[in-house]
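Read through the structure below, which is laid out as structure tokens, and then see the notes.
Just so it is clear, the model here is predicted, and its values are computed rather than measured.
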Amino acid sequence: MVGSILGGAFRLLRRHPLSVLVWAILYLVGIFAIGLLRILIAPADPESVVGAIGAGLLSQGLVLALVAVLITAATRATLHPYKRGACYLRLGANELRVFALLMLLTIATMVATFLLTLANGLLLGLLGWLVPAAATGWIGVALLLAEMAGLIFVQVRLSIALPLTYLYETITVDEAWAQSRGHFWSIFGAFAALAILLALAGLALLAAFFLPILGTLVQTGANAQAVMEMVLMLVLAAKNLPAAAQVLLVSGMLALVALGFVLMTATLASAARTMLGLQDGQIEDLRRSRG
């Protein structure tokens with residue numbers, strides 16, 4: 001099933017290369033513009049908490065709006081390839097519903113993180129009175145790993161809520177949880193495989209410019225100190241590259257980031273299609289049955 005999910009994502013890249021290119025450019029330009037806007041609207045007084053929060057909320061909302069439009073376009077191209085237009089980009093009810101869902105998921109994640117942090121502090125504080133300090137440290141690490149695993153599990157199970165919201169034309173979370181039951185490892189495996197492929201592509205790009213430095217890491221062994229020294233050497237070497245090489249390196253890294261975003265989005269849509277067993281021509285019946 002992992003191969004089927006990834007196959008659907010890469011088919012989007014093969015069938016609609018122009019659309020993928022446009023989405024990638026819009027993603028990069030949009031993120032850069034929003035970052036610049038946040039700098040411009042940042043309060044002059046660094047101690048202005050209200051101003052900082054307002055600027056942060058505005059920029060975060062704009063990022064979610066941008067992501068919602070691009071996610072919906074990629075989902076539309078994957079699940080409704082016959083709905084052609086300007087690279088499948090639109091501004092309508094579907095985009096608004098996906099944006100609302102992204103907002104809800106973001107708020108839920110922030111609240112869950114805050115509550116877990118608060119609970120961890122209380123629990124570890126209590127354990128500090130009952131067990132030795134060394135044991136408390138290990139318990140804290142184990143607790144953190146368990147919570148991270150739990151958050152990843154929930155996020156993977158709910159990941160297809162975005163394409164399902166597009167398909168059903170209504171915000172849905174419970175349906176995503178139900179449809180992904182028993183398929184956690186398939187969805188997680190698809191994202192993990194895609195992340196590995198992107199990491200290898202990034203490593204190949206770095207090797208094209210800094211092969212001797214990477215070779216030194218292989219010879220010395222990949223320990224924490226060696227990795228830190230390699231990162232420092234890479235930064236220094238990048239600064240000494242010719243201007244043309246710096247442009248190529250930065251452009252390549254940005255292209256990988258944008259391509260990764262598009263492929264991750266297409267993987268969501270492909271996973272939803274695989275979970276539901278959808279084929280062309282079944283989408284309308286699905287929507288009617290949901291209504």
Side-chain angles (χ1 to χ4, degrees), residues 2-35 61-102 105 159-169 176 187 190-191 193-202 205 248 250-276 278-284 286-287:
V2 172
S4 175
I5 295 174
L6 282 181
F10 280 96
R11 276 196 301 274
L12 176 66
L13 182 63
R14 186 178 69 252
R15 293 176 178 176
H16 307 289
L18 179 59
S19 295
V20 170
L21 177 62
V22 170
W23 301 334
I25 292 174
L26 287 176
Y27 177 73
L28 292 176
V29 173
I31 293 296
F32 176 80
I34 293 169
L62 291 175
V63 168
L64 291 181
L66 172 66
V67 170
V69 171
L70 296 178
I71 283 179
T72 308
T75 302
R76 185 177 290 112
T78 302
L79 301 178
H80 289 155
Y82 50 85
K83 291 188 176 181
R84 297 192 174 275
C87 298
Y88 297 93
L89 291 165
R90 298 180 185 178
L91 289 175
N94 283 321
E95 286 73 15
L96 183 59
R97 281 187 287 265
V98 172
F99 171 75
L101 179 58
L102 283 172
L105 293 176
S159 60
I160 62 172
L162 293 168
L164 288 184
T165 293
Y166 167 82
L167 274 178
Y168 293 149
E169 296 187 350
I187 302 174
F191 282 112
L194 182 56
I196 292 173
L197 289 175
L198 292 171
L200 291 175
L205 179 62
L248 287 175
V250 172
S251 299
M253 297 303 293
L254 290 176
L256 277 179
V257 170
L259 180 62
F261 168 77
V262 172
L263 286 176
M264 287 289 183
T265 300
T267 300
L268 285 177
S270 181
R273 186 169 193 163
T274 302
M275 297 300 103
L276 297 172
L278 294 176
Q279 301 293 333
D280 289 338
Q282 293 181 319
I283 308 298
E284 295 295 331
L286 174 68
R287 188 160 58 239

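Ile5 is listed as a side-chain neighbour of Met275, based on a closest heavy-atom distance under 4.5 Å. Side-chain atoms of Val22 and Leu89, non-hydrogen and from C-beta on, do get closer than 4.5 Å to each other. Between Val262 and Tyr27, the closest side-chain pair of non-hydrogen atoms is not below 4.5 Å. In this structure the side chain of Leu167 never reaches within 4.5 angstrom of the side chain of Pro163, judged on heavy atoms. When side chains are defined from C-beta on, Thr265 does not count as touching Leu162, because their heavy atoms never get closer than 4.5 Å. Side chains of Val98 and Thr75 form no contact here, defined as non-hydrogen atoms less than 4.5 Å apart. Within the 4.5 Å cutoff, side-chain heavy atoms of Leu194 are placed close to those of Phe10.
Scanning for side chain to side chain contact (heavy atoms under 4.5 Å, CB included) contacts around Ala24 gives Ala258, with sequence neighbours left out. When the side chain to side chain contact (heavy atoms under 4.5 Å, CB included) test is applied to Leu64, the partners found at least two apart in sequence or on another chain are Gln60, Phe99, Leu102, Met103, Thr106. Phe191 pairs by the ring-ring contact (aromatic ring centres under 6.0 Å, His included) definition with nothing, not counting sequence neighbours. In this structure Arg90 satisfies the side chain to side chain contact (heavy atoms under 4.5 Å, CB included) test together with Arg76, Lys83, Glu95, sequence neighbours excluded. Annotation: side chain to side chain contact (heavy atoms under 4.5 Å, CB included) contacts of Leu91 (sequence neighbours excluded): Val69.
Using the six-membered ring where Trp is involved, His80 and Tyr166 have ring planes that are tilted, between 30° and 60° apart.
Looking only at distances, no side-chain donor or acceptor of Ser270 sits under 3.5 Å from a matching main-chain atom of Ala266. Using a distance-only test at 3.5 Å, with no hydrogens or angles considered, no donor-acceptor pair links the side chain of Trp23 to the main chain of Leu259.
The two residues Ile34 and Leu66 have their closest heavy-atom pair at CD1-CD2, 4.5 Å. Between Ala271 and Ile160, the shortest heavy-atom distance links the atoms CB-CG2, 3.9 Å. Minimum heavy-atom separation, Leu18 to Cys87: O-SG, 4.5 Å. The two atoms that bring Ala161 and Leu101 nearest to each other are O-CD2, 3.5 Å, heavy atoms only.
Atom-to-atom distance recorded for Arg273:CZ and Thr78:OG1 is 8.0 Å, nearest 0.5 angstrom. Rounding to the nearest 0.5 Å places CG of Leu263 at 6.5 Å from CG of Leu198. Between the OG1 atom in Thr72 and the CG atom in Leu79 there is a gap of 11.0 Å [rounded to 0.5 Å]. The CG atom of Leu28 lies 5.5 Å from the CG atom of Leu254; values are rounded to the nearest 0.5 Å. Taken to the nearest 0.5 Å, the CG atom of Leu70 stands 11.5 Å off from the OG atom of Ser19.
Listed by first then second residue, pairs satisfying salt bridge (Lys or Arg N to Asp or Glu O under 4.0 Å) with a partner in residues 7-25 number zero, not counting sequence neighbours.
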